[in-house]
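Counting from 1, the numbers follow the sequence of the chain as shown.
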Amino acid sequence: MSVQQYDQIGEAFEGFKSLPLMRFGEVPSFLALVGDVSGKSVLDLACGTGFYSREFKRRGAADVFGVDISVEMIAAAREIEQRDPLGVRYEVGDVAELPSLDRHFDIALGVQCLNYAEDIATMERMCRTIHRNLVPGGEFFVLAQNPDYRFDCPSLDKYGFLCEPTGEEIETGTRVRVTALLDPQPISIVSSAPRREVYEKCLRATGFSEVEWVPLTVSEAGIREFGEDFWADALTHPPLAMLRCRA
């Protein structure tokens, strides 16, 4: 499911980051969560077109390696790297089947990654391969659909998105369709919103500790541009959630 839908998007995926929720919510929140990466090695899992790979390389990471299951996404990431060389490496790979890499990393990123696991066993395999490729004490940062999101709350369309249940429940949680209201063509992606206890159980079962959920925030730039009232719905019913843990 996830491979085909992302192969059809390609570099258009970069447009997601221009929408208000991403630009002033997700991106600054996730960058702040990860913090200082100076001199560190970063493994970017489900890296897509490499947005966060490039961001953390620019912020001083010594080595950044991006992995994604979509051939087209990796092709787009490599094309961007060719146009603006930063020294980021990219490879096609399935996080659930990722072998031991040529080094252990200080930091792993999982932006919209674990929520593509079709069942608990697959999420555990993903977590296990990530843990195996981190240094002892290395950190893993996750951003995904909020497990507690209420689909009957006010629409997210003013923030550039729609988030709707498909009506299907899988072992990990609710299947979700997210639509980015891009111009001229909206893009929809189906993933899931695993329950909190599923994330926590899988992470702890594979050796991670200090699992901590961190709420999404809105940057000062976003408040200056749109005002506090504009963001009230997104902060009351955040569609995204983050967590951090340690190997």
Side-chain angles (χ1 to χ4, degrees), residues 1-3 6 26 29-30 32-35 37 40-48 52-53 56 64-70 91-149 165-166 168-176 178 189-216 238-247:
M1 175 195 69
S2 61
V3 182
Y6 278 101
E26 178 201 301
S29 294
F30 193 67
L33 177 71
V34 177
V37 297
K40 296 182 179 180
S41 55
V42 177
L43 175 60
D44 188 3
L45 302 152
C47 68
Y52 284 110
S53 297
F56 287 112
V64 180
F65 182 43
V67 178
D68 199 282
I69 197 171
S70 167
E91 293 291 341
V92 176
D94 182 348
V95 175
E97 308 298 334
L98 197 66
S100 295
L101 300 173
D102 59 358
R103 67 169 300 168
H104 290 86
F105 291 81
D106 300 309
I107 291 170
L109 315 175
V111 175
Q112 304 292 4
C113 175
L114 297 182
N115 50 313
Y116 282 100
E118 290 292 312
D119 50 42
I120 291 172
T122 301
M123 188 182 288
E124 284 195 359
R125 286 202 308 275
M126 295 168 81
C127 293
R128 191 169 290 110
T129 64
I130 295 165
H131 188 280
R132 187 170 61 231
N133 284 290
L134 282 169
V135 300
E139 292 183 286
F140 179 34
F141 299 94
V142 175
L143 184 143
Q145 307 306 119
N146 184 356
D148 304 322
Y149 182 70
T166 66
E168 180 185 2
E169 292 288 323
I170 60 175
E171 185 180 19
T172 60
T174 301
R175 188 85 81 191
V176 177
V178 175
I189 295 173
V190 176
S191 64
S192 65
R195 299 181 299 278
R196 284 179 183 257
E197 62 267 24
V198 171
Y199 281 112
E200 294 171 9
K201 176 184 175 182
C202 291
L203 288 165
R204 292 193 172 109
T206 54
F208 286 99
S209 63
E210 302 178 32
V211 179
E212 176 190 5
W213 290 90
V214 180
L216 198 76
L240 301 170
M242 305 183 297
L243 64 81
R244 64 191 307 165
C245 55
R246 192 175 295 277

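Atom CD in E91 sits 10.0 Å away from atom SG in C47 (nearest 0.5 Å). Once rounded to the nearest 0.5 Å, the distance linking CZ of F56 with CG of D44 reads 8.5 Å. For the atom pair R103 CZ and N133 CG, the distance stands at 11.0 Å (nearest 0.5 Å). Interatomic distance, CZ of F30 versus CG of L240, reported as 11.5 Å (0.5 Å rounding). Between the CG atom in L45 and the CE atom in M126 there is a gap of 8.0 Å [rounded to 0.5 Å]. The line from OG1 of T172 to CE of M123 is 5.5 Å long, rounded to the nearest 0.5 Å.
By the 4.5 Å heavy-atom criterion applied to side chains, S53 and V42 are not counted as neighbours. Side-chain contact check for C245 versus Y199: every heavy-atom pair is 4.5 Å or farther apart.
Contact detail for P147 and W213: the closest heavy-atom pair is CG-CH2, 3.9 Å. Taking both residues in full, the closest heavy atoms of A46 and V95 are given as N-CG2, 4.2 Å, listed atom of the first, atom of the second, then distance. The nearest pair of heavy atoms linking G207 to H131 is O-NE2, 3.2 Å. Annotation for I170 and A117: closest pair CD1-O, 4.1 Å, computed over non-hydrogen atoms. The two atoms that bring Y116 and V190 nearest to each other are CE2-O, 3.4 Å, heavy atoms only.
The backbone N or O of E97 lies less than 3.5 Å from no partner atom in the side chain of T129, so there is not a single donor-acceptor pair. Under the 3.5 Å distance criterion, the side-chain polar atoms of N146 are left unmatched by any main-chain donor or acceptor of A241.
The salt bridge (Lys or Arg N to Asp or Glu O under 4.0 Å) analysis of residues 138-147, with sequence neighbours excluded, yields the pairs E139-R244, E139-R246.
Salt-bridge formation is not detected for the pair E200/R196: no Lys NZ or Arg NE/NH1/NH2 atom is positioned less than 4.0 Å from an Asp or Glu carboxylate oxygen. In this structure, E118 pairs ionically with R175, as a charged nitrogen and a carboxylate oxygen lie closer than 4.0 Å.
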Discussion item. Run the side chain to side chain contact (heavy atoms under 4.5 Å, CB included) test on I120 and C202 for me, step by step, so that the C-alpha distance in whole Å, both residues' side-chain angles and the decisive distance to 0.1 Å come before the verdict.
Written reply: CA-CA 7 Å; I120 291 172; C202 291; 3.8 Å; yes
Worksheet entry | Check against side chain to side chain contact (heavy atoms under 4.5 Å, CB included), Q112 and I189 | CA-CA 11 Å; Q112 304 292 4; I189 295 173; over 6 Å; no
Item to complete: Please test F141 against M242 for side chain to side chain contact (heavy atoms under 4.5 Å, CB included), starting from the C-alpha separation and ending with a verdict.
Response: CA-CA 7 Å; F141 299 94; M242 305 183 297; over 6 Å; no
Worksheet item: Is there a side chain to side chain contact (heavy atoms under 4.5 Å, CB included) between L134 and H104 once you walk through the steps?
Response: CA-CA 5 Å; L134 282 169; H104 290 86; over 6 Å; no
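Of the listed residues (L43, V211, L114), just one forms a side-chain contact (heavy atoms from CB on, under 4.5 Å) with F140, and that residue is L114.
No side-chain N or O of N115 forms a donor-acceptor pair with one of S192 less than 3.5 Å apart.
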